[in-house]
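Take a look at the structure below.
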Amino acid sequence: MWCSKQRLVPVLMTLSLLFLVVMPVWAADPEIDRLLRSPVSKDWVTNGGNLTNQRYSTLKQIDTSNVKNLKGAWMIRLKGSAYGGKYSHEATPLVKDGVMYVITGNDDAFAVNAKTGAFLWEYWSGIDQKISTVCCGWINRGVALGEGMVFFGQLDANVVALDAKTGKVVWKTPIEKWENGYTITSAPIYYDGMIYIGISGGEFGVRGRLTALDAKSGQILWRAYTLPAPGEPGSETWPPGTDHAMRGGATIWNTPALDPELGLVYFVTGNCGPDYDGASREGDNLFCASMMAVNAKTGAYAWHFQQVHHDIWDYDAASPVVLFDTVINGQPRKGIAEAGRTGWVYLLDRTNGKPLLGIEERPVPQEPRQKTAKTQPFPVGDAIVPQCADVLSGYAKAGCIFEPFWETPVLIQPSGIGGTNWSPVPYSPDTGYFYVPGTVRTSAFTRYDNKYTLGKRYTGGSQQSPINSPQSGTFTAIDSKTNRIVWQTKQPYRTGQGGGSMVTAGGLVFRGASDGNFLALDAKTGEELWRFQTGFGADAPPMTYEVDGEQYVAIATGGNQSVGSAFGDAVWAFSLNGQLRPLWPPPPPPTVSGPTGPIAEGVDTVKIGDNNVEYAYFPSRIRIKAGSTLTFTNVGDLNHTATAMEKRDWDTGDLASGGSKAITFSQPGTYYFICTPHPWMYGQVIVE
Ligand SMILES: [Cu+2]
């Protein structure tokens with residue numbers, strides 16, 4: 001006995017040592033976790049490259065000296081998935097061990113050989129084509145990988161895990177119901193056995209949240225709500241005794257980032273609901289339009305920084321947060337950045353949410369009926385787009401950022417789509433620069449009374465860019481140490497909505513453009529070194545990977561519904577040994593405002609004020625045969641018209657609520673129409 005006891009001690013010691021050594025290896029997928037924590041190299045295993053969302057790759061076979069030789073290695077069509085005007089292709093393909101995983105705006109996923117483009121499997125989502133709660137195009141921003149599975153959210157508010165080898169469904173978990181206004185558009189992140197995913201629906205009166213799921217089972221572990229319940233911290237920023245916060249938006253449009261050392265997961269939130277009506281929600285309205293950190297294991301609140309108080313301009317924080325490490329005044333700092341729709345980049349300390357360089361609260365113009373916030377945060381540094389609107393004929397008032405409005409339209413810039421919208425912002429540790437896409441556009445903002453109805457639009461106003469008013473873009477390098485512009489290029493089209501980018505150790509920024517071009521820029525100077533016409537709107541963010549010693553750069557090109565770029569269903573991969581030449585340029589996106597989005601065929605009725613949106617036509621673009629009749633029916637509350645814009649040669653006249661008027665179109669042509677009392681409402685009839 002004594003002997004065996006004596007022998008037991010070293011055995012126990014060995015066991016406990018083993019336990020300590022083995023512990024970290026018990027992570028559910030140690031290899032993916034290691035890649036997620038490391039600088040991106042051969043594989044690109046999550047939407048933002050790794051847990052930082054920097055979209056920076058250490059690959060440098062393709063560099064500033066040889067990028068001019070880059071050609072298509074392969075190009076595939078995704079079998080017609082999400083091919084059409086209602087879709088946007090905004091997903092970054094992922095690559096692991098020579099296999100590429102890509103998803104489309106119809107939530108159909110594909111695995112292909114990353115060297116050849118040969119299909120390995122396909123998953124057809126079969127999502128309901130009648131989902132009526134999609135805000136801004138049918139979109140999926142990407143997938144995540146871990147534990148031999150591919151994870152993503154769907155527009156029908158399910159989170160799905162597929163077997164990465166076969167594409168077969170492993171589990172499917174409903175987060176909510178689309179009928180209640182909830183959809184999923186963001187890419188999840190996977191880390192340490194968990195999936196983190198946001199939810200969309202800020203235009204439909206929903207309660208925003210980050211949901212954490214167990215990767216193996218799909219079980220929901222916790223929900224971190226971005227809107228406080230009564231009595232919770234932040235509830236004091238909503239009117240007392242109301243449940244307005246429970247439908248106040250603050251949704252999560254984009255992929256979170258995660259710092260394993262600090263144990264925090266980071267994300268940004270969208271607009272407040274109702275978007276343009278602040279009258280009913282006095283207060284700062286936390287946590288709308290904010291940068292947030294929560295405990296990665298429990299979802300417990302850690303810190304927040306609100307970019308826009310009491311948002312009435314639809315100034316969502318929509319671009320993914322970026323984690324970066326820097327040195328300021330000789331002190332190493334852990335930073336987090338986000339490019340807002342306001343046109344500013346917000347730089348914070350990610351340990352506590354405090355500004356890195358300074359952000360000043362300044363007084364702003366007031367509109368008591370809108371209960372406007374007294375001050376707004378103005379970051380130290382440069383805005384990447386102009387922040388004042390020009391006066392346009394037909395409008396009484398034009399203002400700068402944070403100009404308030406009521407029921408008479410006011411022109412304001414940036415419009416509610418940016419600045420920087422959903423596009424990501426890469427960061428290069430070599431240059432210390434952020435690469436920031438931006439939209440230059442003016443909107444006429446108006447407010448109206450809006451009742452909440454489950455599953456209906458809940459925006460309380462509108463922002464329409466005046467028909468034929470100019471719109472364009474910028475692409476800017478911002479120095480992370482100063483938040484100042486280093487270089488900036490002007491773009492003929494809006495960027496920051498589509499038009500994603502990434503940066504490499506080869507000194508290159510790769511950028512897709514809405515006119516179909518795929519570009520390589522010198523990361524230091526912004527000089528264009530290469531361009532290639534992909535044939536479709538190149539609006540998704542690109543990525544890079546290596547297979548068998550060869551570096552590839554890949555991008556999904558399928559256009560963007562809200563930019564109005566040419567739709568498609570292609571994925572391109574490029575390499576220095578590529579043989580494929582450019583395609584013909586597709587029709588370019590518009591450089592002036594006007595109706596965009598899908599064109600309805602086979603309809604004979606246009607409803608005015610439908611879907612709880614007073615100032616809009618449904619559908620707003622219609623194609624008919626010459627000799628057909630369209631009936632305009634006012635289902636809104638106010639009087640409206642549909643009036644031919646240029647020649648005024650046809651007009652429904654004033655239609656009271658419930659009124660109808662039929663118009664017959666005999667001459668082929670393309671006709672814009674507006675509402676005479678509300679000229680910021682417009683639509684288009686194409687007669688063939
Ligand atoms: Cu009207």
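Bear in mind the structure is a predicted one, so any value in this text is a computation, not a measurement. Hydrogens, waters and symmetry mates play no part in the numbers below; they use all other heavy atoms, side chains included.
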ask   = Quick one: which of Ser562, Ser565, Ser514 gives a side-chain contact (heavy atoms from CB on, under 4.5 Å) with Gln497?
value = Ser562

ask   = Taking atom OG1 of Thr591 and atom CG of Asp515, what is their separation to the nearest 0.5 Å?
value = 11.5 Å

inquiry  = Strictly distance-based, threshold 3.5 Å: is any side-chain N or O of His310 a donor or acceptor partner for the main-chain N or O of Gln370?
reply    = yes

note = Looking only at heavy atoms, the pair that brings Thr629 and Ala662 closest together is CG2-CB, 3.7 Å

task = Take Ser415 and Gln413, measure what side-chain hydrogen bond (donor to acceptor under 3.5 Å, both in side chains) needs, and give me the verdict at the end.
result = CA-CA 5 Å; Ser415 78; Gln413 195 167 299; over 6 Å; no

For the student: nearest non-hydrogen atoms of Phe305 and Ile359, plus distance = CZ-CD1, 3.6 Å

query = Is the backbone N or O of Gln464 less than 3.5 Å from a side-chain atom of Ser462, with the two atoms forming a donor-acceptor pair by type?
reply = no

query = Is there a donor-acceptor contact under 3.5 Å from the side chain of His309 to the main chain of Asp284?
reply = no

ask   = In terms of side-chain geometry, is the basic nitrogen of Arg484 or Asp382 positioned less than 4.0 Å from the acidic oxygen of its partner?
value = yes

task = Apply the test side chain to side chain contact (heavy atoms under 4.5 Å, CB included) to residues Asp449 and Lys451: give CA-CA distance (whole Å), side-chain angles for both, the deciding distance (0.1 Å), then the verdict.
result = CA-CA 7 Å; Asp449 265 327; Lys451 281 188 294 293; over 6 Å; no

Side chain proximity check, Glu614 to His640, heavy atoms < 4.5 angstrom = yes

task = Please find out if less than 6.0 Å separates the ring center of Tyr87 from that of Phe567.
result = no

Check: Tyr493 and Pro589 side chains under 4.5 Å, non-hydrogen atoms = yes

inquiry  = Are the side chains of Val345 and Val436 in contact, using a 4.5 Å heavy-atom criterion?
reply    = yes

ask   = What do you reckon, are the aromatic ring centroids of Phe518 and Phe532 less than 6.0 Å apart?
value = no

ask   = For Asp654, does the CG atom sit with more than 12 other heavy atoms under 6.0 Å from it, leaving out its own atoms?
value = yes

Enclosure of Lys607 NZ (heavy-atom neighbours >12, cutoff 6.0 Å) = no

message = I'd like to know whether CD of Glu282 has more than 12 heavy-atom contacts from other residues, nucleotides or ligands below 6.0 angstrom.
response = no

task = State, yes or no, whether a side-chain contact exists between Gln376 and Val308 at a heavy-atom distance under 4.5 Å.
result = yes

task = Can you measure from OG (Ser290) to CG (Asp311) and round to the nearest 0.5 angstrom?
result = 10.0 Å

Sidechain-backbone polar pair: Asn560 side chain, Val563 backbone, donor-acceptor under 3.5 Å = yes

message = Can you tell me if Lys456 has over 12 outside heavy atoms packed within less than 6.0 Å of its NZ?
response = no

inquiry  = Is the shortest side-chain heavy-atom distance between Glu203 and Pro274 below 4.5 Å?
reply    = no

note = Here the pair of heavy atoms bringing Val364 nearest to Ala373 is CG2-O, 3.4 Å

Of Thr183, Val206, Asn271, the residue whose pairing with Thr251 passes side-chain contact (heavy atoms from CB on, under 4.5 Å) = Val206

ask   = Do Asn53 side-chain atoms and Thr255 backbone N/O form a donor-acceptor pair below 3.5 Å?
value = yes

ask   = Below 4.5 Å, heavy atoms only, C-beta onward: do Trp138 and Gln129 meet side chain to side chain?
value = yes

query = Is the gap between the ring centers of Tyr458 and Phe204 under 6.0 Å?
reply = no

ask   = With distance as the sole test, does Ser319 use its side chain to make a donor-acceptor pair with the main-chain N or O of Ser423 at under 3.5 Å?
value = yes

inquiry  = Can a donor-acceptor pair be found, under 3.5 Å and without considering hydrogens, that links the side chain of Asn483 to the backbone of Ile478?
reply    = no

task = Give a yes or no on whether the backbone of Thr439 and the side-chain of Gln471 come within a donor-acceptor separation of less than 3.5 Å.
result = no

inquiry  = Determine whether Phe475 and Leu521 satisfy the following criterion, side chain to side chain contact (heavy atoms under 4.5 Å, CB included), listing intermediate values before the conclusion.
reply    = CA-CA 11 Å; Phe475 191 75; Leu521 316 177; 3.8 Å; yes

Backbone of Val592 reached by a side-chain donor or acceptor of Arg441 within 3.5 Å = no

query = Between Asn285 and Gln306, what is the shortest heavy-atom contact and its length?
reply = O-NE2, 3.2 Å

ask   = Cation over ring, Arg447 on Tyr276, under 6.0 Å and within 45°?
value = no

task = Answer whether the closest heavy-atom distance between the side chains of Leu392 and Leu411 falls below 4.5 Å.
result = yes

Sub-6.0 Å ring centroid separation between Phe378 and Trp344 = yes

task = Check the pair Leu655 / Thr641 against side chain to side chain contact (heavy atoms under 4.5 Å, CB included), numbers first and verdict last.
result = CA-CA 6 Å; Leu655 297 175; Thr641 77; over 6 Å; no

Step-by-step side-chain hydrogen bond (donor to acceptor under 3.5 Å, both in side chains) determination, Gln366 to Thr372 = CA-CA 6 Å; Gln366 295 293 298; Thr372 40; 3.1 Å; yes

Ring centres under 6.0 angstrom apart (Tyr615, Tyr682) = no

message = Working note: Val440 + Arg494, criterion side chain to side chain contact (heavy atoms under 4.5 Å, CB included); need CA distance, chi angles, decisive distance, verdict.
response = CA-CA 7 Å; Val440 182; Arg494 288 154 46 190; over 6 Å; no

task = Calculate, to the nearest 0.5 Å, the distance between atoms CZ and CZ belonging to Arg531 and Arg511 respectively.
result = 8.5 Å

request  = Any chance you could lay out the side-chain hydrogen bond (donor to acceptor under 3.5 Å, both in side chains) test for Thr643 and Asp651, step after step, and finish with the verdict?
outcome  = CA-CA 4 Å; Thr643 309; Asp651 191 355; 2.9 Å; yes

Basic-acidic side-chain contact under 4.0 Å: Glu361, Lys374 = no

task = Decide salt bridge (charged side-chain N to carboxylate O under 4.0 Å, His left out) for Glu403 and Lys397; before the verdict, give the C-alpha distance in whole Å, the side-chain angles of both, and the deciding distance to 0.1 Å.
result = CA-CA 10 Å; Glu403 179 71 36; Lys397 194 171 180 191; 3.0 Å; yes

task = State plainly whether the residues Glu601 and Arg623 are in salt-bridge range, i.e. N to O under 4.0 Å.
result = yes

inquiry  = Less than 6.0 angstrom separating the ring centers of Phe673 and Phe632, yes or no?
reply    = yes

query = Do Tyr395 and Pro466 come close enough that some side-chain heavy atom pair is under 4.5 Å?
reply = yes

key: Heavy-atom donor-acceptor pair, Asn254 side chain to Trp422 backbone, under 3.5 Å   = yes

query = Does NZ or CZ of Arg341 lie under 6.0 Å from the centre of the six-membered ring of Trp313, at an angle within 45° of the ring axis?
reply = no

ask   = So, Phe665 versus Trp650, ring centres under 6.0 angstrom or not?
value = yes

request  = Locate the shortest heavy-atom distance separating Ile252 from Ser200; write the atom from each residue and the value.
outcome  = O-OG, 4.2 Å

message = Please find the pair of heavy atoms, one from Gln307 and one from Ala317, that lie closest to each other, and give the distance.
response = OE1-CB, 3.6 Å

